[in-house]
Every structure is written in C-alpha cells, then in structure tokens.
Amino acid sequence: MEWHEMMSVGVAEFDEDHKRVIVLLTEIHEALDLRQVGRASELAAELLKLATAHTEREEVFLRRIGFPDVELVTNPQKESLTRITELVCQFDQNTVAADDAILEMRLSFIDYLLSADINYKSYVKSKGLSDC
C-alpha cells in the first residue's frame, strides 16, 4: 500500500499524518510476517498515538473552518482508534488474528480516505485553505 495524490485532503499536515499511517500499517504487517511481535506492538502503539493526535487536530480544524459534516469525518476515526486499541491487545494473544486485522485496517484506511476525509477537500479549497 502506498500514498497516491488522489488521497490528498488538501491540508499538508493531515496528508503527512495519512502518509505516516500507511507507513506504520505496512511496517506492522512486515514485523508480524517476520514474527517480530514486540516490534509490531511498538509500531501499533505509535500508530495509536498518531491517530489519536490526528483525530483531535483534524476535528478542531474542521470545526474552526465551519465544515458542516464534521461527524462524517470524525466518527469513523474514533471507531478506528478503538480498533487500533484492540489490535494492540491481540499481539500478545494471537499474531495471526493481529495480522488479519492489520490487512483489514490497511484496506479500510484507504476506503476511509477516499470516502470520508475526501468529503472536506473541496470545502477546504473553497475557503482558500488548501495547501495544494
């Protein structure tokens, strides 16, 4: 999985977060393939920290600019935080289930970017706040 410009939301700070999420999900998957459960767990903790901070910053930004459908963006993100937390717990119990969860999260993250976050791209641009 890799970043494509069509995934951009027009805000460099958030695009950089999204790129880092893709890298972390890939690195977690690779660590699990190599049975490096400790490393995968560390990366998942980093992913949870990044995703939590990102969700908070993005929500503040969207509310500040008056985006009308903030919940369409933030609700799926908050659900993802729960899934990441569950994933961290799976590492100690079942690495196969954790690896399956990572693969599913990678696919759902791309789907999320293209269906939820992308909703505010044109709004950001119309407010003259787009970085692209």
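Worth knowing before you read on, the calculation uses all heavy atoms, side chains too, and leaves out hydrogens, waters and symmetry mates. Note that the numbering runs from 1 along the sequence shown for the chain.
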*Asks:* Below 4.5 Å, heavy atoms only, C-beta onward: do Lys121 and Val11 meet side chain to side chain?
*Replies:*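 A side-chain contact under 4.5 Å is absent here.
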*Asks:* To the nearest 0.5 angstrom, please state how far the CG atom of Leu81 sits from the OG1 atom of Thr55.
*Replies:*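 Reported value, rounded in 0.5 Å steps: 4.5 Å.
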*Asks:* Show, in sequence, the C-alpha distance, side-chain angles and deciding distance for Ile22 and Met7, and conclude whether the side chain to side chain contact (heavy atoms under 4.5 Å, CB included) test is met.
*Replies:* CA-CA 11 Å; Ile22 290 171; Met7 297 175 185; 4.1 Å; yes
*Asks:* Are Val60 and Val73 grouped together when hydrophobic residues (ILVMFWY) are joined by side-chain heavy atoms under 4.5 angstrom apart?
*Replies:*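 As far as the 4.5 Å side-chain criterion goes, Val73 and Val60 are not connected within one cluster.
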*Asks:* Do Lys49 and Glu46 make a side-chain contact, defined as non-hydrogen atoms from C-beta onward lying under 4.5 Å apart?
*Replies:*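 Lys49 vs Glu46: side chains apart.
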*Asks:* Nearest 0.5 Å, please: how far is CD in Gln77 from OG1 in Thr82?
*Replies:* 12.0 Å
*Asks:* What side-chain donor-acceptor pairs closer than 3.5 Å can you find for residues 62-72, not counting sequence neighbours?
*Replies:*
residue	atom	partner	partner atom	Å
Arg63	NE	Glu59	OE2	3.2
Arg63	NH2	Glu59	OE2	3.0
Arg63	NH2	Glu71	OE2	3.0

*Asks:* Please step through salt bridge (charged side-chain N to carboxylate O under 4.0 Å, His left out) for the pair Arg39 and Glu42, ending with a clear verdict.
*Replies:* CA-CA 5 Å; Arg39 176 72 178 139; Glu42 289 171 9; 3.7 Å; yes
*Asks:* If you round to the nearest 0.5 Å, how far is CG of Leu129 from OH of Tyr123?
*Replies:* 9.0 Å
*Asks:* Check salt bridge (Lys or Arg N to Asp or Glu O under 4.0 Å) between Lys127 and all other residues, then give those that pass, not counting sequence neighbours.
*Replies:*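 Partners of Lys127 under the salt bridge (Lys or Arg N to Asp or Glu O under 4.0 Å) test: none.
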*Asks:* What is the minimum heavy-atom distance between Val9 and His18, and which atoms define it?
*Replies:* CG1-CE1, 4.0 Å
*Asks:* At what distance, to the nearest 0.5 angstrom, does OG of Ser130 lie from OH of Tyr120?
*Replies:*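 Answer rounded to 0.5 Å: 10.5 Å.
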*Asks:* Using a 4.5 Å cut-off on heavy atoms from C-beta on, say whether the side chain of Asp17 contacts that of Leu50.
*Replies:*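 The answer is yes; the side chains approach within 4.5 Å.
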*Asks:* If you take all heavy atoms of Ala31 and Leu43, which pair is closest and at what distance?
*Replies:* CB-CD1, 4.5 Å
*Asks:* For Phe14 and Glu58, which heavy atoms make the closest approach, and how far apart are they?
*Replies:* CZ-CA, 3.5 Å
*Asks:* As an exercise, state the distance from CG of Asp131 to CD of Glu16, rounded to the nearest 0.5 Å.
*Replies:*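 Answer rounded to 0.5 Å: 10.0 Å.
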*Asks:* Would you compute the distance between atom CG of Leu47 and atom OG1 of Thr85 and round it to the nearest 0.5 angstrom?
*Replies:* 9.5 Å
*Asks:* Looking at every non-hydrogen atom in both residues, tell me the closest pair between Gly10 and Val124 and how far apart they are.
*Replies:* O-CG1, 4.4 Å
*Asks:* Sequence neighbours left out, what passes side-chain contact (heavy atoms from CB on, under 4.5 Å) with Val23? Give chain and number order.
*Replies:* Arg20, Glu27
